[in-house]
Amino acid sequence: MTARLVVLGSLIGALIANGASVSIAQDSAATITALRQIDTRVIDADPAAQKSAREAVRVDVRNRLRAANERETAEWRKLKSRSDWEQFRDARINKLRESLGVSLAPLDQLEVNVTRELTGPGCRIRNLHFTSRSGFLVTANLYLPAEPVDAMPGILICHSHHAPKHQGELQTMGVTWARSGAAVLVMDQFGHGERRLHKFDRADAWPGSFKPERQDYYFRFNSAIQLQLAGQSLMGVMVADLMTGVDVLLEQQGIDSQRIVLLGAVAGGGDPAGVTAALDPRITCAVPFNFGGYEPEDVFPLPENAEETFDFAGSGSWESTRNLANSARDGFMPWVIVGSIAPRHLIYAHEFRWDEPRDPVWRRLKQVYAWYQADDRLSSVVGKGTVKGRPPEASHCTNIGALHRSQIYPALERWFGMPIPTEPEFERFTAEQLRCLPETIDRGAVVAQALGNMLTRRPELPVAKSSTDEQLRQQLGDVAPSADAKASSLGAETNQTLSVERVRLDVPGQDVLIPLALVVIRQPTAKTAQRVIVGIAQKGKRAFLEHRADVIAELIDNGAVVVLADLRGTGESEPEGESRGRTGGATSRAASELMLGRSTLGLRIGDLRTILHYLRQRADLNGHDFALWGEGFAPANDARSDGAAPLDAEKLPHLAEPMGATVVSLTSVLEKPWVKKAVAVGAVGPVHTSPHVYVPYDCVFFRRRPIAWEEVPKVPPTPNPTASPFRHVLNLDQRDGLNRPDDYRQQPVKAEEIVAWLMSTS
């Protein structure tokens with residue numbers, strides 16, 4: 001959810017004038033002191049119990065991925081024929097296509113702009129750019145024979161995350177194959193090279209220590225967040241770009257449409273190449289490195305029972321092209337994607353050593369090709385050493401190395417009559433010589449504008465007539481409350497100032513119980529509260545008492561019951577030492593949840609709804625009058641900073657904490673009419689205006705289908721919330737990790753604002 005600067009100077013007076021029944025206590029010192037002394041721990045003090053609670057969310061994800069592997073293996077074993085395979089394949093590849101969130105339809109008109117032509121050793125090189133099916137500008141180098149050739153093969157190379165189109169191995173392949181009579185297109189991947197979205201490509205671009213050569217790769221994380229919130233995906237954009245690259249090749253004079261080869265380089269090139277080949281039948285041969293099965297990080301040798309234990313689905317990480325949304329749920333695991341290329345030509349390629357005899361994916365690929373009686377169209381490439389080794393013992397390369405190319409050449413000769421070439425020695429072209437765009441073009445602004453257009457267009461799309469629950473489920477996965485949660489009250493402690501009760505709700509996971517911890521605070525003499533206020537934050541219950549004891553004191557003194565709750569993976573159930581940054585465990589777990597067709601955000605909405613349903617059943621509470629209170633509590637960033645920093649800088653800006661604000665806003669819609677009011681503190685500003693995005697990945701979701709805008713809290717809020725059709729939700733910004741200085745709320749949120757809104761009856 002987004003929220004901008006809001007002027008609320010007359011808010012409290014307006015609320016009271018509209019009938020809010022609030023009395024701000026003059027002296028709440030005793031209540032504040034008592035609140036800060038509360039022990040908020042609900043989980044058993046036993047270290048084993050605490051460890052179990054903190055590991056529950058991790059265990060649940062791991063168990064679900066294992067179950068997905070077992071389910072799909074069982075389905076694979078049922079296949080007995082080509083027909084069986086094609087039914088199995090088609091259902092999964094259709095789901096893959098749906099998951100990308102990007103239109104792959106051909107362009108009405110492809111316009112290729114050639115900005116420069118170079119003469120190479122026995123070839124010509126055209127620097128060009130074009131607009132992709134994704135809507136983004138693509139820069140590329142097209143290597144052509146020195147003289148026109150009839151029936152010319154077309155080769156498209158998807159580079160690695162290590163280096164863009166001007167890298168030496170890419171030039172070698174372009175020149176070598178062009179001299180042999182092929183057209184070779186090498187494009188900058190999204191966010192790389194001339195399509196770079198940041199300014200940290202030189203050592204002098206930042207005063208501290210960082211790796212300029214790695215920033216294009218690191219910024220993929222930010223790009224993925226921006227694209228997902230725009231209803232797109234990084235993989236979807238890359239696939240659309242590569243398919244447009246095929247369009248460019250097929251427009252070349254003399255091209256042979258029956259010999260279109262797609263090579264995906266090591267380290268991030270094989271993933272989009274494999275997916276593109278699965279979805280684009282014009283590709284007659286695919287060479288996706290390190291994708292589909294055995295990967296450099298896998299153990300060597302594999303166990304004898306690898307068919308039962310191999311991790312076919314993989315698991316989530318910050319690099320989203322390696323863990324596709326819904327892939328584990330819907331079965332389009334990497335091996336299925338690669339296998340679906342059959343009966344077209346496939347080279348199963350490995351950068352390092354490969355346990356060929358035990359690799360279960362290799363066995364499956366051979367079976368699929370056997371069903372087509374196309375065994376001769378399947379080949380392999382293997383390197384040497386391990387990813388942790390060093391050359392020459394280990395065959396590290398930046399894109400596709402000489403050892404690997406030497407094994408590709410014979411396959412292409414056998415299949416397509418392409419002669420085995422001799423690689424020439426030549427002086428490499430500079431990045432400047434291979435530049436496709438004028439230096440004056442602001443590349444980041446071009447991409448930001450395209451992202452902004454996507455975000456703007458989303459509400460205009462037709463909305464299916466379905467319930468709000470169903471629409472949010474399409475966005476977030478399961479958002480339903482648990483029907484099987486079991487409550488355990490640990491009893492109440494009462495003194496002259498407060499009554500404090502601790503409650504544990506256990507939500508069933510995959511062979512594990514996920515704890516939700518609650519602390520219920522009220523006046524010791526209160527019988528039935530006029531309002532039940534539920535507070536959530538990423539940092540959990542304790543943070544409310546540290547930062548908002550004054551607010552809680554006022555609420556209690558006005559007769560409210562305040563319930564502070566830990567949702568899954570927060571507070572007491574937050575895995576110990578887990579970071580929520582780019583490479584953190586929470587990010588990997590959130591990516592795994594997306595693979596499972598769920599989202600951390602959606603699951604936490606379900607948790608909050610479970611808590612509300614439990615509280616509604618209690619006779620000692622007013623089950624018809626709830627208010628929700630979501631907080632951030634993130635440290636403030638410098639309002640003078642634009643947030644720009646290399647992503648491996650020693651000190652990065654603080655992450656935002658929009659979880660509480662977002663979960664509360666959406667839950668308040670789903671739980672009408674019981675939820676009368678909601679406050680969302682810490683919502684973030686627009687993320688498409690800058691490549692510097694500091695939002696936790698577990699708060700990000702795919703907006704593939706638009707939610708009915710009349711059904712959700714309006715964002716940004718209007719200066720006068722009481723005039724909004726969403727009067728029950730008040731969004732408040734704080735200076736907590738937004739990505740532009742003008743997104744910051746310049747004054748801290750005041751206690752009176754929160755109290756007045758939560759207790760108002762208007």
Side-chain angles (χ1 to χ4, degrees), residues 62-82 84-93 95-96 264 266 270-271 273-275 277-278 286-317 322-324 327-384 386-387 592 595-596:
R62 185 169 64 243
N63 290 350
R64 289 180 186 277
L65 287 171
R66 185 183 67 244
N69 282 324
E70 293 172 351
R71 181 195 68 237
E72 289 301 300
T73 292
E75 292 298 312
W76 159 254
R77 288 173 175 168
K78 295 177 184 177
L79 309 183
K80 304 301 180 184
S81 66
R82 169 179 167 177
D84 291 346
W85 159 252
E86 290 180 345
Q87 290 182 26
F88 175 92
R89 175 201 67 190
D90 291 349
R92 287 156 179 77
I93 298 304
K95 289 294 185 181
L96 165 64
V266 306
D271 315 0
V275 175
V287 190
F289 272 83
N290 299 347
F291 180 70
Y294 190 86
E295 295 186 357
E297 296 80 10
D298 287 333
V299 297
F300 185 95
L302 289 170
E304 291 293 341
N305 65 338
E307 176 70 24
E308 286 72 37
T309 62
F310 192 78
D311 188 6
F312 294 98
S315 58
S317 75
R322 295 190 174 183
N323 32 256
L324 302 179
S327 58
R329 184 193 72 183
D330 292 338
F332 52 88
M333 296 175 179
W335 84 267
V336 176
I337 295 172
V338 172
S340 73
I341 296 169
R344 292 170 287 152
H345 300 82
L346 171 66
I347 298 178
Y348 185 51
H350 305 275
E351 182 181 4
F352 302 105
R353 68 185 182 186
W354 164 43
D355 189 359
E356 177 183 354
R358 294 181 179 86
D359 183 356
V361 170
W362 181 237
R363 295 176 191 170
R364 294 184 182 189
L365 293 176
K366 289 196 292 184
Q367 176 60 75
V368 170
Y369 274 81
W371 280 327
Y372 286 98
Q373 299 181 343
D375 309 67
D376 60 339
R377 296 186 179 186
L378 177 64
S379 186
S380 62
V381 165
V382 61
K384 60 181 181 177
T386 71
V387 68
S592 293
M595 293 170 60
L596 291 161

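Atom set for the values below is all heavy atoms of this structure, side chains included, hydrogens, waters and symmetry mates excluded.
Distance CD/Gln367 to CZ/Arg82: 13.5 Å, rounded to 0.5 Å. The CG atom of Leu365 lies 12.0 Å from the CG atom of Asp375; values are rounded to the nearest 0.5 Å. With rounding to the nearest 0.5 Å, the separation of OG in Ser340 from CH2 in Trp85 is 6.5 Å. Atom CZ of Arg89 and atom CD1 of Ile341 lie 11.5 Å apart (nearest 0.5 Å). Rounded to the nearest 0.5 angstrom, Phe312 CZ and Glu70 CD are separated by 11.5 Å.
For Trp354 and Tyr348, the gap between ring centers is short of 6.0 Å.
Side-chain contact annotation: Thr73 with Arg364, donor-acceptor N/O pair under 3.5 Å present. Between the side chains of Asn69 and Arg66, no donor-acceptor pair is found at a separation under 3.5 Å.
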Side chain to side chain contact (heavy atoms under 4.5 Å, CB included) between Tyr372 and Glu86, worked out: CA-CA 11 Å; Tyr372 286 98; Glu86 290 180 345; 2.8 Å; yes
Working for side chain to side chain contact (heavy atoms under 4.5 Å, CB included), residues Asn323 and Ser317: CA-CA 7 Å; Asn323 32 256; Ser317 75; 3.4 Å; yes
Pair Phe332-Leu324, side chain to side chain contact (heavy atoms under 4.5 Å, CB included): steps then yes or no: CA-CA 9 Å; Phe332 52 88; Leu324 302 179; 4.0 Å; yes
Side chain to side chain contact (heavy atoms under 4.5 Å, CB included) assessment of Phe289 paired with Val381: CA-CA 9 Å; Phe289 272 83; Val381 165; 4.1 Å; yes
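Under a 3.5 Å cut-off, the side chain of Asn290 and the backbone N or O of Glu351 do form a donor-acceptor pair. Side-chain atoms of Tyr369 come within 3.5 Å of backbone atoms of Arg344 as a donor-acceptor pair (strictly under, hydrogens ignored). A donor-acceptor pair under 3.5 Å is formed between the side chain of Arg363 and the backbone N or O of Pro357. With hydrogens and angles disregarded, a donor-acceptor distance shorter than 3.5 Å links the side chain of Asp355 to the backbone of Leu302. Looking only at distances, a side-chain donor or acceptor of Asp298 sits under 3.5 Å from a matching main-chain atom of Glu295.
Put simply, the side chain of Pro288 reaches to within 4.5 Å of the side chain of Leu346, judged on heavy atoms. Put simply, the side chain of Arg64 does not reach to within 4.5 Å of the side chain of Met595, judged on heavy atoms. Here the side chains of Val336 and Trp76 are not in contact, with every heavy-atom distance at 4.5 Å or above. In this structure, Arg353 and Phe300 have side chains that are in contact, with non-hydrogen atoms separated by less than 4.5 Å. Side-chain contact between Trp335 and Phe310 is absent, with no heavy-atom pair separated by less than 4.5 Å.
Of all heavy-atom pairs between Phe352 and Pro296, the closest is CD1-CB, 3.7 Å. Of all non-hydrogen atoms in Ala328 and Leu596, the two that sit nearest each other are CB-CD2, 4.0 Å. Minimum interatomic distance between Pro343 and Ala374 (heavy atoms only, all atoms of both residues): CB-CB, 4.2 Å. Between Ile93 and Ile337 the shortest heavy-atom distance is CD1-CA, 4.2 Å. Taking each heavy atom of Met333 and Ala68 in turn, the nearest pair found is CE-O, 3.6 Å.
Within 6.0 Å of CD on Gln373 lie no more than 12 heavy atoms contributed by other residues, nucleotides or ligands.
Note on Arg71 versus Glu75: no salt bridge recorded, every NZ/NE/NH1/NH2 to OD/OE distance being 4.0 Å or above.
Each of Glu356, Arg358, His350 was compared with Tyr294 under the side-chain contact (heavy atoms from CB on, under 4.5 Å) criterion, and only His350 meets it.
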